[in-house]
S.K.: 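Take a look at this one; I'll ask things after.
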Amino acid sequence: MSVDYKSTVFLPRADSFPMRARLPQREPETLRAWEDMDLFAKVREVSEGREKYILHDGPPYANGHLHMGHALNKILKDVINRGMQMLGYDAHYVPGWDCHGLPIEWKVEEGYRAQGRDKDKVPVTEFRRECREFADKWIGIQIEEFKRLGVLGNWEKPYTTMSYDAEAQIVRELGKFLVGGGLYRGARPVLWSVAEKTALADAEVEYHDHTSHTIWVRFPVVQAGAPALDGARILIWTTTPWTIPGNRAVAFSPNSTYVVIQVKAAGENDLVVPGERLAVAKDLLEQVAHDAKLTDYEVVAELSAAELEGTVCAHPLRGQGYEFDVPVLPGDFVTMEQGTGFVHVGPGHGTDDWLLARKHGLEIPENVDDDSVFRDNVPLFAGTRIYKPDGKEGDANARIIEVLKGAGALMQQGRQRHSYPHSWRSKAPLIHRVTPQWFISMDTNGLRDKALAAIDETDFYPPAGKARLRSMIETRPDWCVSRQRWWGVPLPLFVDRKTGEPLRDPAVIERIAQAFEQEGGDAWFDSDPKRFLGDDYDPADYEQVRDIVEVWFDSGSTHAFVLEARPELKWPASLYLEGSDQHRGWFHTSLLESAGTRGRAPFDGVLTHGFVLDAKGHKMSKSLGNVIAPQDVMSEKGADILRLWVVASDYSEDLRIGEEILRYQVDAYRRLRNTLRYLIGNLADFAGEERLPESEMPELERWVLHRMAELDSVVREGCRRYDYMTIYRELYHFCAVDLSAFYFDVRKDSLYCDRPDSTRRRACRTVLDKLFDCLTAWLAPITCFTAEEAWWARGGGPEESVHLRTFPEVPAGWRDAGLQAKWDKVRRVRRVVTGALELERAEKRIGSSLQAHPTVHIADSELAEAVADVDLAEICITSAVTVSGEPAPAGAFTLDDVPGVAVVPELAEGSKCQRCWQVLPDVGRDAAAPDTCGRCADAVKHLGVAVG
RNA sequence: GGGCUGGUAGCUCAGCUGGUUAGAGCGCGCGCUUGAUAAGCGUGAGGUCGCAGGUUCAAAUCCUGCCCGGCCCA
């Protein structure tokens with residue numbers, strides 16, 4: 001009997017964009033399509049001549065698979081690049097890799113050990129070749145992994161620090177410091193790995209717990225600064241007995257008070273002599289007495305720090321080869337946390353010590369050799385060893401303790417577990433020792449000041465990065481750029497055998513650079529020195545340095561051999577973007593390198609992101625089993641999910657990731673995808689002629705346009721400020737709350753049932769078309785795969801890829817604050833209606849809201865005015881609404897936060913239209929379309945559909 | 001141990017220079033729809049704003065200490 005009108009309803013058709021996204025399968029297909037069309041080249045083509053935006057890639061290290069930190073870093077870079085590109089810039093992104101250095105060298109050595117080969121019997125260049133191959137292999141792997149994340153860049157021509165041109169330029173950069181006098185050879189304490197026989201960079205050091213000897217040693221006063229010290233002994237405490245032979249001073253805190261005590265008795269401690277007088281810090285007296293088991297003592301004097309000045313001690317081993325004086329000096333680094341308040345100073349074994357010694361012109365002994373063995377000239381201890389190659393303790397400490405005991409200098413000994421520096425590779429404990437190393441001076445040529453000034457000229461995101469970098473530059477010591485290893489750029493230095501001075505000749509440097517450009521750094525080892533020295537110098541007069549350049553200088557020079565060398569880029573970079581650890585890493589060294597050679601930073605802006613933590617906010621680690629690999633997310637959920645996670649998170653802090661968090665992103669993704677799908681479905685047969693000028697549109701449409709104008713600002717501003725979290729939140733809210741829950745829901749009736757030529761439907765579809773245009777563009781930097789899929793699903797636009805577009809221009813006229821204010825009020829009234837209907841549903845009086853005909857009593861004049869010319873039935877999705885100015889009857893439905901509105905729900909009169917399901921009085925009047933309302937009957941007839 | 005940084009509902013985030021019952025979305029519970037359906041709509045319940053003090057008429061917002069996390073450094 002009843003007619004099936006479904007075929008006359010214009011339901012969305014979105015087969016080309018299914019909800020089942022299958023991202024793990026589809027994304028690789030999209031990638032292939034991009035490769036086939038050479039998307040990156042095309043993007044470059046369309047942006048030719050535009051202002052450049054250059055995000056210079058901080059090079060990841062070429063070993064191992066990507067982890068979540070890499071994924072975060074590269075996705076963030078990609079989102080920003082794409083955003084700037086769509087903002088209208090030419091954002092040419094060149095990825096790069098850091099290739100030299102110990103980790104790779106170590107890996108290759110591990111292979112040697114496994115094969116029983118001896119590294120020392122392999123020619124340097126063969127070893128280096130294997131390192132190069134190792135790096136090459138991992139670059140290839142990482143390229144594929146980065147591409148899978150959706151990262152768009154110049155993968156055809158990435159940069160590497162081991163390319164010949166890079167190695168050559170690194171030599172030239174170092175040459176600038178050399179010729180300018182900023183590079184010098186110095187002896188100063190470095191953290192030295194006995195196991196690897198090399199100095200380590202700060203970044204190569206890890207702190208682990210380590211059990212050390214602790215000793216309390218007495219230094220006899222030979223020249224008292226204050227009478228109370230006459231004949232007394234100064235007590236020091238240290239965890240490194242082996243530094244005692246290197247002692248040259250004792251330091252005290254200039255802000256503390258000290259005491260002299262007389263020992264009366266000591267229990268179970270025959271190393272203390274009753275009657276002797278000892279000087280210690282007042283605050284630490286009790287602790288010292290307890291540790292040294294002084295059972296009875298008396299404070300005989302109290303001394304200010306100033307009274308200590310001028311005091312001189314003897315070395316505790318005076319008479320056995322240690323005859324020099326040991327001055328007692330003020331030192332800011334002395335703390336009252338542990339020990340005695342006096343710190344023994346070994347200028348060769350600590351930075352504080354070294355600085356103090358330099359300040360007071362003390363000797364800086366080089367007591368220990370590469371193997372941590374005391375040299376022949378060290379009395380009593382020559383030949384003893386601090387650490388064995390496997391990191392175990394040698395015989396030095398025991399011997400020193402024994403000798404101190406014999407000399408009556410030792411007062412007490414023990415052990416303490418504490419944090420201690422270790423090598424990141426061998427995990428062996430390190431020592432501080434002075435070695436001849438090459439340094440870039442922070443002060444020659446005003447490098448520190450230049451760098452600090454450059455920081456002030458730089459924009460930091462978030463701003464806190466500025467202070468962080470600044471404080472590091474302010475306090476850092478000279479930059480040690482030499483390493484005693486094989487895999488790196490050779491230090492291009494010849495040292496005059498007579499003077500010990502390096503040859504500072506630009507021509508020599510340039511000859512070295514030329515050779516490296518042709519053959520790479522291997523040329524250094526393969527060539528006769530004459531090749532570099534030319535005819536001007538006699539090779540016999542010079543020693544060729546065999547050290548290599550530390551890797552941070554390599555990466556600090558990328559701006560020179562990438563940004564300056566490639567005409568398609570620009571110097572300085574628009575932005576450097578890395579994790580917050582790079583304040584001491586790449587940001588830091590790039591700044592120093594560039595400030596030293598070019599007088600300014602190689603970047604206009606610096607952006608730092610936090611670290612990826614697990615769901616509970618803890619560091620990811622294999623041992624905790626809380627590691628989430630990007631490859632797994634990729635194969636289970638898809639890159640767009642990971643990309644959503646990145647932009648939904650506040651990258652300025654640490655980011656958490658976990659199963660629940662990812663599931664949340666999957667849900668969010670589905671919502672966004674469904675929004676696109678709804679647009680595509682309702683625009684399936686949209687023709688350009690259908691478009692309606694904005695001026696002829698209903699207010700509801702113009703309200704959507706207004707919202708689009710707002711979103712446009714959010715997107716553009718967010719891109720400029722790298723604030724994607726806000727973009728994401730606003731976009732999502734717009735899709736879920738404004739569109740899906742309101743606009744789409746309200747306009748469903750019109751889209752499905754109105755005549756295609758009706759103004760209302762045409763206006764709506766015009767807006768849907770604009771929405772599609774905007775949303776695909778706005779989402780393109782974020783969900784790059786899905787935005788493209790949607791773009792293609794509609795048959796594509798004028799551009800063959802969504803990524804060739806820029807953000808659509810949104811006419812300023814779309815903004816209408818008055819309309820916004822009015823429709824906010826309309827929606828407030830709507831909420832009261834939907835609330836009332838919910839009660840009706842609970843009471844089972846209605847199911848669909850179309851069954852209702854509420855009466856809305858509005859006492860609030862502003863709300864009444866807002867609603868006056870609005871079809872509330874349409875907006876509330878009911879079949880009818882009666883608006884009344886009469887006072888509401890008792891029991892009418894109200895909401896506390898919408899005063900002045902009361903709703904009395906009733907059932908709609910009439911019968912249900914079989915086409916639009918509204919309940920209307922005029923259903924069934926037109927025999928040509930039985931059981932339909934007037935609007936639908938007209939639509940059906942217009943369609944010319946045979947009914948019945 | 002030091003510097004920097006953070007700790008707001010189950011989750012991701014808003015809450016500006018202190019001022020009514022701390023917000024949003026998601027998730028969850030309940031209901032509707034079954035013509036966005038591996039969808040959509042409505043609605044409800046969730047928070048001692050890390051803890052403890054203090055300043056103030058008033059603090060999630062300011063101060064101090066502590067606890068827990070992170071980065072960097074020693």
Side-chain angles (χ1 to χ4, degrees), chain A residues 5-14 18-21 191 202-203 205 207 333 335 337-338 350-352 418-421 462 464-465 467-469 471-472 475-476 579-585 588 608-619 644-645 647-650 652-656 658-668 670-671 673-675 677-682 725-726 728-730 732-733 735-737 740-742 744-746 748-749 751-753 830-831 833-844 846-851 877 896-897 915-917:
Chain A
Y5 285 101
K6 184 160 175 168
S7 63
T8 73
V9 177
F10 311 113
L11 297 177
R13 299 201 312 269
M19 269 313 283
R20 222 178 113 238
L191 276 169
D202 292 344
V205 176
Y207 286 80
F333 55 90
T335 67
E337 275 144 23
Q338 53 183 357
T351 304
D352 289 332
H418 62 148
S419 182
Y420 190 84
R468 191 165 174 181
L469 187 55
S471 73
M472 287 178 184
T475 57
R476 70 151 299 143
S580 58
D581 57 333
Q582 297 302 321
H583 283 107
R584 191 163 286 275
H588 190 109
T608 50
H609 60 250
F611 274 65
V612 183
L613 308 175
D614 75 1
K616 290 181 195 137
H618 293 268
K619 200 202 226 11
L644 273 182
W645 165 74
V647 297
S649 305
D650 182 355
S652 70
E653 293 169 21
D654 291 334
L655 294 77
R656 298 181 182 204
E659 208 28 67
E660 183 185 3
I661 294 167
L662 284 171
R663 220 181 310 131
Y664 168 57
Q665 297 311 333
V666 170
D667 284 332
R670 300 182 65 83
R671 174 68 105 169
R673 185 177 178 90
N674 193 242
T675 302
R677 178 174 146 87
Y678 193 71
L679 291 172
I680 291 166
N682 282 291
M725 205 172 67
T726 301
Y728 170 82
R729 205 180 53 236
E730 295 276 331
Y732 185 87
H733 193 272
C735 288
V737 179
S740 189
F742 183 57
F744 289 174
D745 213 27
V746 167
K748 234 191 302 199
D749 173 77
L751 283 168
Y752 294 0
C753 300
R830 183 181 193 260
R831 280 184 46 227
V833 175
T834 54
L837 296 185
E838 193 58 25
L839 278 184
E840 295 304 291
R841 264 191 205 107
E843 298 298 329
K844 299 291 175 199
I846 62 165
S848 160
S849 59
L850 287 175
Q851 292 171 309
I877 319 183
D896 288 349
D897 56 340
R915 185 162 175 274
C916 71
W917 296 347

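By convention in this document, chain letters (A, B, ...) are assigned in the order of the sequence lines, proteins followed by strands, and residues within each chain are numbered from 1. None of these values were measured; they are calculated from a predicted model.
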S.K.: State which of B/C72, B/A36, B/C26 makes the closest approach to the side chain of A/M472.
M.R.: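 Among B/C72, B/A36, B/C26, the one nearest the side chain of A/M472 is B/C72.
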S.K.: A/R671 side chain N/O closer than 4.0 Å to the phosphate oxygens (OP1, OP2) of B/G40?
M.R.: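 Yes, within the criterion.
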S.K.: Contact class for A/Y664 (heavy atom, under 4.0 Å): base, sugar-phosphate, or nothing?
M.R.: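 Base: the residue A/Y664, judged by heavy atoms under 4.0 Å, touches a nucleobase.
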S.K.: Taking the C1' atom in each of B/A60 and B/C13, what is the distance between them to the nearest angstrom?
M.R.: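 Pairwise C1' distance, B/A60 against B/C13, rounds to 15 Å.
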S.K.: Would you classify A/F611 as touching base, sugar-phosphate or nothing, given that sugar-phosphate means primed atoms plus P, OP1 and OP2, and contacts are heavy atoms under 4.0 Å?
M.R.: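 The residue A/F611 makes sugar-phosphate contact but no base contact.
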S.K.: Looking only at atom P, what distance separates B/G47 and B/C73, rounded to whole Å?
M.R.: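 My reading of the P atoms in B/G47 and B/C73 gives 42 Å.
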S.K.: Using the P atom in both, what is the distance from B/C30 to B/U61, to the nearest Å?
M.R.: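 Result for the P pair: 37 Å, nearest Å.
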S.K.: Between B/A36 and A/Y752, is there an OP1 or OP2 to side-chain N/O distance shorter than 4.0 Å?
M.R.: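 So the side-chain polar atoms of A/Y752 do come within 4.0 Å of the phosphate oxygens OP1 or OP2 of B/A36, strictly under.
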S.K.: Do A/L644 and A/Y728 come close enough that some side-chain heavy atom pair is under 4.5 Å?
M.R.: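 SC-SC contact between A/L644 and A/Y728 confirmed.
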S.K.: Looking at the base of B/G35, is there any donor atom on it, or on the side chain of A/Y5, that sits under 3.5 Å from an acceptor on the other one?
M.R.: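 Check fails, no donor-acceptor contact within cut-off.
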S.K.: Can you measure A/R673 atom CZ to B/G40 atom C1' for me and round it to whole angstrom units?
M.R.: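 Atom CZ in A/R673 sits about 17 Å away from atom C1' in B/G40.
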S.K.: What contact category does A/R663 fall into here, base, sugar-phosphate, or nothing, at under 4.0 angstrom with non-hydrogen atoms?
M.R.: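 Counting heavy atoms under 4.0 Å across all strands, no contact is made by A/R663.
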S.K.: B/C16 and B/G54: how far apart are their C1' atoms, nearest whole angstrom?
M.R.: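 Straight-line distance between the two C1' atoms is 25 Å.
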S.K.: Is there a side-chain contact between A/L655 and A/W645 in this structure, where contact means two heavy atoms from C-beta onward sitting under 4.5 Å apart?
M.R.: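 When only atoms from C-beta onward are counted, A/W645 and A/L655 do touch, with a gap below 4.5 Å.
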S.K.: Quick one: are A/F611 and A/S580 in side-chain contact, heavy atoms under 4.5 Å?
M.R.: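 Yes. Closest side-chain heavy atoms under 4.5 Å.
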S.K.: With RNA chain B as reference, determine whether A/E660 or A/S471 sits nearer its 5' end, using the nearest nucleotide of each.
M.R.: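 Looking at RNA chain B, the more 5' nearest nucleotide goes with A/S471.
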S.K.: Starting at atom CG of A/L679, determine the distance to atom P of B/G40, rounded to an integer number of angstrom.
M.R.: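 These atoms are roughly 13 Å apart.
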S.K.: Determine, for nucleotides 42-51 of chain B in 5'-to-3' order, which nucleotides have protein heavy atoms under 4.0 Å from the base (write B), from only the sugar-phosphate (write S), or from neither (write -).
M.R.: BS--------
S.K.: Go nucleotide by nucleotide along RNA chain B from the 5' end; which of A/D667 and A/G617 gets its closest nucleotide reached first?
M.R.: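 Between the two, 5'-proximity favours A/D667.
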S.K.: Rounding to a whole Å, what distance do you find between A/I846:CD1 and B/U33:P?
M.R.: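 Checked: the CD1 to P distance equals 9 Å.
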S.K.: Rounding to the closest angstrom, what is the interatomic distance between B/G23 and B/C67 at atom C1'?
M.R.: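 Looking at atom C1' only, B/G23 and B/C67 are 28 Å apart.
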S.K.: What is the distance, rounded to the nearest whole Å, between atom CE of A/M725 and atom C1' of B/G25?
M.R.: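 Computing the A/M725:CE to B/G25:C1' distance gives 13 Å.
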S.K.: Distance check needed: B/G35 P versus A/N682 CG, whole Å only.
M.R.: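 Rounding to the nearest Å, CG of A/N682 and P of B/G35 are 15 Å apart.
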S.K.: Which nucleotide wins on minimum distance to the side chain of A/R584, given the candidates B/C72, B/U12, B/G35?
M.R.: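 When the side chain of A/R584 is considered, B/C72 is the closest of B/C72, B/U12, B/G35.
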S.K.: Take atom NE2 of A/H733 and atom C1' of B/U12, then tell me their distance rounded to the nearest Å.
M.R.: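 In whole Å, B/U12 C1' lies 14 Å from A/H733 NE2.
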S.K.: Look at the side chain of A/T351 and the base of B/A74, then say whether one donor and one acceptor between them are separated by less than 3.5 Å.
M.R.: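 There is none.
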S.K.: Taking the C1' atom of each, how far is B/G46 from B/C51, in whole Å?
M.R.: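 Per the computed distance, 22 Å lies between those C1' atoms.
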S.K.: Please tabulate, one pair per line, each protein N/O and nucleotide N/O from nucleotides 6-9 of chain B that are separated by under 3.5 Å, including the distance.
M.R.:
none

S.K.: Would the distance check show the side chain of A/N682 and the main-chain N or O of A/Y678 forming a donor-acceptor pair, the cut-off being under 3.5 Å?
M.R.: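 Yes.
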S.K.: Does B/G31 have its OP1 or OP2 closer than 4.0 Å to a side-chain nitrogen or oxygen of A/K844?
M.R.: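 A/K844 to B/G31 OP1/OP2: no side-chain N or O under 4.0 Å.
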S.K.: Would you say that A/I846 contacts A/L837 through its side chain, given a criterion of any heavy-atom pair below 4.5 Å between the two side chains?
M.R.: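 Counting from C-beta outward, A/I846 and A/L837 do come under 4.5 Å.
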S.K.: Give a yes or no on whether the backbone of A/C753 and the side-chain of A/R915 come within a donor-acceptor separation of less than 3.5 Å.
M.R.: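 Flag set: sc A/R915 to bb A/C753 pair under 3.5 Å.
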S.K.: Going by heavy atoms in the side chains, are A/S849 and A/R841 under 4.5 Å from each other?
M.R.: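 With C-beta onward as the side chain, the pair touches.
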S.K.: Determine yes or no for a side-chain-to-main-chain donor-acceptor pair under 3.5 angstrom, with A/W917 supplying the side chain and A/Q851 the backbone.
M.R.: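 Absent.
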S.K.: Looking at A/M472, is its backbone amide N or carbonyl O close enough to the side chain of A/R584 to form a donor-acceptor pair, meaning the two atoms are under 3.5 Å apart?
M.R.: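 Side chain of A/R584 to backbone of A/M472: no pair is present.
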S.K.: Within the structure, does a side-chain N or O atom of A/S580 lie under 4.0 Å from either OP1 or OP2 of B/C72?
M.R.: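 It does not, given that no N or O in the side chain of A/S580 lies less than 4.0 Å from OP1 or OP2 of B/C72.
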S.K.: Students often get this wrong, so: under 4.0 angstrom with heavy atoms, is A/W645 touching a base, only sugar-phosphate, or nothing?
M.R.: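 Nothing, no heavy atom under 4.0 Å.
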S.K.: Can B/G6 be described as syn, meaning its chi torsion is within 90° of 0, or is it anti?
M.R.: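 Anti conformation for B/G6.
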S.K.: Just the rounded figure in Å: distance from C1' of B/U5 to CG of A/D650.
M.R.: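 Interatomic distance, CG of A/D650 to C1' of B/U5: 12 Å.
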S.K.: Can you find a donor-acceptor N/O pair under 3.5 angstrom joining the side chain of A/R677 to the base of B/A36?
M.R.: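 No pair found.
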S.K.: Between A/F742 and A/V737, is any pair of side-chain heavy atoms under 4.5 Å apart?
M.R.: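 They are not in contact (no side-chain heavy atoms under 4.5 Å apart), so the answer is no.
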S.K.: Mark yes or no for whether A/H583, through its side chain, and A/L469, through its backbone, hold a donor-acceptor pair below 3.5 Å.
M.R.: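 No.
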S.K.: With rounding to the closest Å, how many angstrom separate the C1' atoms on B/G2 and B/U8?
M.R.: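 My reading of the C1' atoms in B/G2 and B/U8 gives 29 Å.
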S.K.: Can a donor-acceptor pair be found, under 3.5 Å and without considering hydrogens, that links the side chain of A/R673 to the backbone of A/P18?
M.R.: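 Pair found, side chain donor or acceptor close to backbone of A/P18.
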S.K.: With a 4.0 Å cutoff (strictly under), does any side-chain N or O of A/K619 reach OP1 or OP2 of B/G70?
M.R.: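 It does not, given that no N or O in the side chain of A/K619 lies less than 4.0 Å from OP1 or OP2 of B/G70.
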S.K.: How about A/K748 and A/D745: do any of their side-chain heavy atoms sit closer than 4.5 Å?
M.R.: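 In short, these two side chains touch, coming nearer than 4.5 Å.
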S.K.: Within the 4.0 Å heavy-atom criterion, would you say A/A842 contacts the bases, only the backbone, or no part of the nucleic acid?
M.R.: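 The residue A/A842 makes no contact with any strand.
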S.K.: For A/R915, answer base if it contacts any base atom (sugar-phosphate contacts may also be present), sugar-phosphate if it contacts only those atoms, and nothing otherwise; contact means non-hydrogen atoms under 4.0 Å.
M.R.: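 The residue A/R915 makes base contact.
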S.K.: Enter the distance from A/L679:CG to A/N674:CG here, rounded to the nearest 0.5 Å.
M.R.: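 Rounded to the nearest 0.5 Å, the CG-CG separation comes to 9.5 Å.
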S.K.: Rounded to the nearest 0.5 Å, how far apart are CZ of A/R468 and OG1 of A/T608?
M.R.: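 If I round to the nearest 0.5 Å, the distance is 7.5 Å.
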S.K.: Considering every strand and a 4.0 Å limit on heavy-atom distances, what is the contact class for A/G681: base, sugar-phosphate, or nothing?
M.R.: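 Nothing, no nucleic acid heavy atom in range.
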S.K.: Would you state whether a donor and an acceptor, one from the side chain of A/R468 and one from the base of B/C71, lie under 3.5 Å apart?
M.R.: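 In this structure, the two groups form a donor-acceptor pair.
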S.K.: Represent RNA chain B in dot-bracket notation, 5' to 3'. Only Watson-Crick or G-U wobble pairs with both distances under 3.5 Å count; pseudoknot-style crossings use [ ] and interstrand partners use |.
M.R.: (((((((..((((.....[...)))).(((((.......))))).....(((((..]....)))))))))))).
S.K.: Could you state the atom-to-atom distance from CZ of A/R656 to P of B/U12 in whole Å?
M.R.: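 In whole Å, B/U12 P lies 6 Å from A/R656 CZ.
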S.K.: Which is true for A/Y728 with a 4.0 Å heavy-atom rule: it touches a base, it touches only sugar-phosphate, or it touches nothing?
M.R.: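 No contact.
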S.K.: For the side chain of A/S740, counting heavy atoms from C-beta on, which of B/C41, B/G69, B/G35 is nearest?
M.R.: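 Nearest nucleotide to the side chain: B/C41.
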S.K.: Evaluate the side-chain proximity of A/Q665 to A/V647: yes if any heavy-atom separation is below 4.5 Å, no if none is.
M.R.: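 No; the side chains remain at least 4.5 Å from each other.
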S.K.: Considering only atom C1', compute the distance from B/G31 to B/G70 and round it to an integer number of Å.
M.R.: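 These two C1' atoms come out 44 Å apart once rounded.
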